[in-house]
K.L.:
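Provided herewith is a single structure, encoded as structure tokens, for subsequent inquiry.
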Amino acid sequence: MSNYNKVESALIHGGIYGDEYTKAVNVPIYQTSTYEQSGIGEEPRWEYSRTGNPTRAALEALIAELEHGKSGFAFASGMAAITAVLSLFHTGDRILISSNVYGGTFRVLDKVFNHFGIGYSIEDTTDIDGLEKKITDDVKAILVESPANPLLTVTDLGAVARLAAKHGILSIVDNTFMTPYLQRPLELGADIVIHSATKYLGGHSDVVAGLVVVNDDELARQLAFIQNSTGGVLGPFDSFLLIRGIKTLGVRLDRHVENAEKAAKFLSDHKAVKKVYYPGLPDAQGYEINKKQAKNGGAMISFELYENYDIKKFFKSLRLVALAESLGGVESLVCHPASMTHASIPYDVRQQIGITDGLIRLSIGIENIDDILADLEHAIAESEV
Ligand SMILES: *Cc1c(COP(=O)(O)O)cnc(C)c1O
């Protein structure tokens, strides 16, 4: 079909390109809820925008192509996407999740899906042999992030997929931190890929969205049914914003990663910094596995300062890097996982999985790296007690 071979071109030309009616180079925002039908019993291509909308369909085709999958689905948020995927399961089923999944994923399992008798257990998914021992008859899926939030823990996605296949259960990967530009879990054997497209795919901190991609036709049929039945769909305007964001994903991520590699080095060399978590550093946990399954270490970094630095003061002293939830936008953001993104995880569990009160998570933006490093340097200096 295509007149291109490379991912950078697919980001711009993939999915459905342009408008067949006007030849507009961008897919228009089809801001409509319904479509006139030609007659009773004649199958219309479009009938109602919860079921399908041309702008959303263009985005869904694009993400499917980028993840090297067959079918894509767009949702009103990453959590709506995760909720749709979890809706595949039944009372009595249990899902194994990595020990540092996104706080909201933990919360929806712990506080919503438990109402329906769908269980979960938190496991160390970096230990494949240990993980296999946890697969009892009620376990129906393994849900992982790699690198995982917020300690950037790397899980061998191919090994998890093989383990899941061996036991006839699903392997689900939340690929938010990497995006298909850096890592394609379906190619490694995963069954389902999830994105919070709010992050790098949108890339400008101006849209909340979620995506799901699968290769299997039966899974696609079930997800289409769930998407239409539960209705957490992405609107046409937000679909347009995502398509627009994805066009620059390659150039943005190249710069994000270039900056992150420099920032990780800066922090590792800094006398105030106790520990740096970044999968692109050769001494990081899972460095070799990440190198094998992803293009590079991505652009998320977590770190801890020594005890003689006051982290509250550190956050207050930043002037460029903004204290905010979220990640993956063009602007550098910093957050305190223990009180922000992972606050929904109980204190004891947080300590157990390494999300200490001193942990700082950085989403490195695409500003000039000198400005980012100067801001970090200044805030570290101010926070010394
Ligand atoms: C933000 C995030 C989510 C949730 O997505 P929303 O778009 O905020 O609903 C899920 N997984 C990861 C890894 C995230 O970073």
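Remember, it's 1-based here, ligands and their atoms both numbered in the order they're listed.
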K.L.:
Using a distance-only test with no angle check, is there a side-chain donor-acceptor pair under 3.5 angstrom linking Thr153 and Asn100?
P.N.:
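A pair is found: one side chain offers a donor N or O, the other an acceptor, under 3.5 Å apart.
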
K.L.:
Do we get Lys275 above Tyr277's six-membered ring, with its NZ or CZ under 6.0 Å from the centre and within 45° of the axis?
P.N.:
yes

K.L.:
Between Lys295 and Tyr181, is NZ or CZ placed under 6.0 angstrom from the six-membered ring centre and within 45° of the ring axis?
P.N.:
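Pair Lys295/Tyr181 counts as cation-pi.
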
K.L.:
Does the distance from a Lys or Arg side-chain N to an Asp or Glu carboxylate O, for Glu382 and Lys316, drop under 4.0 Å?
P.N.:
no

K.L.:
Does ligand 1 have any N/O atom under 3.5 Å from a protein N/O, and what are those pairs and their distances?
P.N.:
unit_1   : atom_1 : unit_2 : atom_2 : d
ligand 1 : 5 (O)  : Ser196 : OG     : 3.0
ligand 1 : 7 (O)  : Gly78  : N      : 2.8
ligand 1 : 7 (O)  : Ser196 : OG     : 2.8
ligand 1 : 7 (O)  : Thr198 : OG1    : 2.6
ligand 1 : 9 (O)  : Gly78  : N      : 3.0
ligand 1 : 9 (O)  : Met79  : N      : 2.8
ligand 1 : 11 (N) : Asp174 : OD2    : 2.7
ligand 1 : 15 (O) : Lys199 : NZ     : 2.7

K.L.:
Could you walk me through whether Tyr120 and Phe113 satisfy the ring-ring contact (aromatic ring centres under 6.0 Å, His included) test, starting with their C-alpha distance in whole Å, then the side-chain angles of each, then the deciding distance to 0.1 Å, before giving a yes or no?
P.N.:
CA-CA 9 Å; Tyr120 70 92; Phe113 280 92; over 10 Å; no

K.L.:
Charged N to carboxylate O below 4.0 Å: is that the case for Lys292 and Asp156?
P.N.:
yes

